[in-house]
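Each chain gets a letter, A, B and so on, in the order the sequences are listed, and its residues count up from 1. Bear in mind the structure is a predicted one, so any value in this text is a computation, not a measurement.
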Amino acid sequence: MQATDSAVRREITVNATPERAFFIFTEGFDTWWPRSHKVGPTDLAKAVIDPDRMQWYEVGVDGTTTDWGAILTYDPPNRVTLEWRIGGTWQCETDPALFSEVDVTFTPEGDATRVTLEHQHLDRHTAADALKGAVGSEGGWNGLLQRYSEAVD
Amino acid sequence: MTNGMDALGDPTRRAIFERLARGPTAVGEIAKDVPVSRPAVSQHLKVLKQAGLVTDRAEGTKRLYQLDPRGVGQLRDYFDAFWMQALTAFKEAVENPT
């Protein structure tokens, strides 16, 4: 795990061209985004990265759209940068000073592509959100982290 | 010792806590942004300190309050684990289309 005080950085190498990797990340966003991670009040019908609107957002099963933030950079097949307006606990932030950023780059490595993701400016999110769940609650952050590490391992 | 969840159960304390997310702040400045008096703010800060959510330091004649950085560290750890899971799912979608 690499992290600075306010950012996380993760890399993964995929056996595909940058064009395909970029395509799946963006136009194929709904095919891989974890279904449980959404903001709106209903279940997730579709998660969308939309370069026409320059927004990324969810569509609920009730048809409502909830924006997750602007697309700041859209440069196929090299880079996409997303503004993260949904805070530390998947609730909408409205203060731009509290938005973070997710910067994704796609770098060819032989026949494969190295995808590097940096989630920056995490310190801007209300840390209260992080602690509300974490402190003393199994159903909160600590429980969630445990399930993630089990899923990853 | 006050429990952190109990400390944040009070909406005014949550507002003070969220105000501190913007950086170290003196009591007088916090009091401008919440609908309670300065003494009440001080009392809430005491509770937040006892719960380990907030720390303070002296700067000249002022006392500055700030969030305990371990809180932000937990947020970072959460996103680190989340993105690992999300990128693993992404790799699967790239390499094994259904």
>> Non-hydrogen contacts under 4.5 angstrom with chain B: give the residues of residues 49-64 of chain A involved, or none if there are none.
In response: none
> Cluster question for you: counting only ILVMFWY and a side-chain heavy-atom cut-off of under 4.5 Å, with indirect links fine, are B:Leu64 and B:Leu45 together?
Replying inline: no
>> Out of A:Val115, A:Val102, A:Val14, return the one with the most heavy atom pairs under 4.5 angstrom to chain B.
In response: A:Val14
>> Using only non-hydrogen atoms and a strict under-4.5 angstrom cutoff, which residues of residues 24-32 of chain A touch chain B?
In response: A:Ile24, A:Phe25, A:Thr31, A:Trp32
> Going from CZ on A:Arg20 to CD on B:Glu95, what distance comes out if it is rounded to the nearest 0.5 angstrom?
Replying inline: 9.0 Å
>> To check you understand the geometry: which heavy-atom pair defines the closest contact between B:Met84 and A:Ile12, and what is its length?
In response: CE-CD1, 4.3 Å
> Under a 4.5 Å heavy-atom cut-off, does chain B meet the side chain of A:Val104, its backbone, both or neither?
Replying inline: neither
> Side-chain heavy atoms under 4.5 angstrom apart, residues restricted to Ile, Leu, Val, Met, Phe, Trp, Tyr: same cluster for A:Val80 and A:Leu72?
Replying inline: no
> Which answer fits A:Thr13, side chain, backbone, both or neither, if we ask what part of it has an atom under 4.5 Å from a heavy atom of chain B?
Replying inline: backbone
>> In this structure, would A:Tyr74 and A:Val48 fall into the same cluster of hydrophobic residues linked by side-chain contacts under 4.5 Å?
In response: no
